[in-house]
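Down below is the structure, laid out as structure tokens.
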Amino acid sequence: MKKPVVGFLILAMLVSCNTFKLTEGGANELTTQVKADFLSELNAARHTARTCTFNTETFQAISASKDYTSNPKLEVAALSHARWLEHNNINISTGDPHDGAGDGSAVGRIAAAGYLGNPIGENIAAGQPDVVAVVNKDSSNGVSGFMNSPNRHCNNVMDGDFTQVGLAKRGAYWVVTFGKPN
């Protein structure tokens, strides 16, 4: 019986220590319609089995997955990190852009937002003009979208273990947090 209580106390401490960082900064720049379009674009990508790559490693075909639903706690985590990226003008192609808001990790941000789930994940994009370009390759400027990224972005979108997302944008930064509720 003591383990669940201890785990709850640790989670409560994480939430109380990080609350101000989750709420400082501006509002989510995604309108209700753009969020719906973003969710639709992610779900459309999940409807087709595909092969994703990570660096030079090609993964076996990933089966089509069920649609995502949005989750407000995951959105809080995504928005906190989008704010941090914007405030610090982070170049996401260098270093680790997943460090930052909250305790410096996606796990910490998502826990601090009160989301209880496993597994969790996070995708970040910057510079794309719209949700189609974030999810798919924007041929007008050559910036890779999630489905054409040499990183794990495609795997996160396709991962059938993820069932919920939080979507946010601040400035040039687009952040998607992924989760599966406990």
Side-chain angles (χ1 to χ4, degrees), residues 28-31 33-71 73-86 90-101 105-107 109-110 113 115 117-180:
N28 194 341
E29 293 177 4
L30 297 179
T31 64
Q33 183 59 56
V34 174
K35 283 182 201 174
D37 293 345
F38 202 168
L39 188 61
S40 177
E41 200 66 31
L42 287 168
N43 285 331
R46 284 169 67 90
H47 292 168
T48 304
R50 65 181 71 231
T51 301
C52 296
T53 59
F54 176 53
N55 292 331
T56 59
E57 183 180 352
T58 300
F59 292 87
Q60 292 180 343
I62 300 172
S63 300
S65 299
K66 294 180 182 177
D67 283 354
Y68 283 118
T69 58
S70 60
N71 180 281
K73 291 179 181 178
L74 286 172
E75 183 176 323
V76 167
L79 180 57
S80 72
H81 197 49
R83 288 175 181 146
W84 182 86
L85 291 162
E86 178 188 42
I90 299 299
N91 179 345
I92 70 167
S93 61
T94 60
D96 185 357
H98 297 282
D99 289 344
S105 71
V107 171
R109 282 187 288 285
I110 291 170
Y115 186 81
N118 186 33
I120 56 95
E122 179 179 75
N123 279 4
I124 300 168
Q128 289 85 346
D130 55 39
V131 297
V132 172
V134 170
V135 178
N136 301 290
K137 186 167 184 160
D138 175 19
S139 58
S140 67
N141 67 10
V143 176
S144 290
F146 293 152
M147 303 316 291
N148 299 302
S149 170
N151 296 313
R152 297 192 70 87
H153 299 113
C154 176
N155 294 70
N156 281 348
V157 172
M158 294 300 295
D159 191 330
D161 287 339
F162 294 137
T163 60
Q164 298 180 325
V165 292
L167 308 168
K169 181 180 186 292
R170 288 291 305 169
Y173 302 97
W174 304 78
V175 179
V176 180
T177 51
F178 302 91
K180 179 180 180 182

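In summary, of the residues considered (Phe146, Phe162, Tyr115), a ring-ring contact (aromatic ring centres under 6.0 Å, His included) with Phe178 occurs for Phe162 alone.
Between Val175 and Leu79, every side-chain heavy-atom pair lies at or beyond the 4.5 Å cut-off. Using a 4.5 Å cut-off on side-chain heavy atoms (C-beta onward), Asn148 and Cys154 make no contact. Between Met147 and His153, every side-chain heavy-atom pair lies at or beyond the 4.5 Å cut-off. For the pair Asp67/His47, a side-chain contact is recorded, criterion being any heavy-atom separation below 4.5 Å from C-beta on. The side-chain heavy atoms of Lys66 and Thr163, taken from C-beta on, include no pair separated by under 4.5 Å.
Taking each heavy atom of Ser63 and Met158 in turn, the nearest pair found is O-CE, 3.6 Å. Nearest heavy-atom pair across Asp161 and Pro119 is CB-CG, 3.8 Å. The minimum heavy-atom distance between Asp159 and Ser65, with the atom names listed, is C-OG, 4.2 Å. Here the shortest heavy-atom pairing between Ala168 and Ala78 reads CB-C, 3.6 Å. Shown here for Ala45 and Val135, the closest heavy-atom pair between the two residues is CB-CG1, 4.1 Å. Counting all heavy atoms, side chain and backbone alike, Thr177 lies closest to Glu122 at CG2-OE2, 4.1 Å.
With hydrogens and angles ignored, the 3.5 Å screen pairs no side-chain donor or acceptor of Gln33 with any backbone N or O of Thr31. Looking only at distances, no side-chain donor or acceptor of Arg152 sits under 3.5 Å from a matching main-chain atom of Asn123. Side-chain N or O atoms of Asn71 include none that pairs as donor or acceptor with a backbone N or O of Val165 at under 3.5 Å.
Note that CG of Asp37 is 11.0 Å distant from CG of Leu42, once rounded to the nearest 0.5 Å. Between the CZ atom in Arg50 and the CG atom in Asn155 there is a gap of 11.0 Å [rounded to 0.5 Å]. Between the CD atom of Glu75 and the CG atom of Leu167 there is a distance of 7.0 Å, given to the nearest 0.5 Å. To the nearest 0.5 angstrom, Tyr173 atom OH is 15.5 Å from Arg83 atom CZ.
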Pair Val157-Arg46, side chain to side chain contact (heavy atoms under 4.5 Å, CB included): steps then yes or no: CA-CA 7 Å; Val157 172; Arg46 284 169 67 90; 4.1 Å; yes

Side chain to side chain contact (heavy atoms under 4.5 Å, CB included) between Gln164 and Ser70, intermediate numbers included: CA-CA 5 Å; Gln164 298 180 325; Ser70 60; over 6 Å; no

Steps toward side chain to side chain contact (heavy atoms under 4.5 Å, CB included) verdict (Leu85, Arg170): CA-CA 8 Å; Leu85 291 162; Arg170 288 291 305 169; over 6 Å; no

Full working for side chain to side chain contact (heavy atoms under 4.5 Å, CB included) between Ile120 and Val107: CA-CA 7 Å; Ile120 56 95; Val107 171; 3.5 Å; yes

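Atom NZ of Lys35 sits in a crowded spot, with more than 12 heavy atoms from other residues, nucleotides or ligands closer than 6.0 Å.
Using cut-offs of 30° and 60° for the angle between ring planes, the Phe38 and Trp174 rings count as perpendicular.
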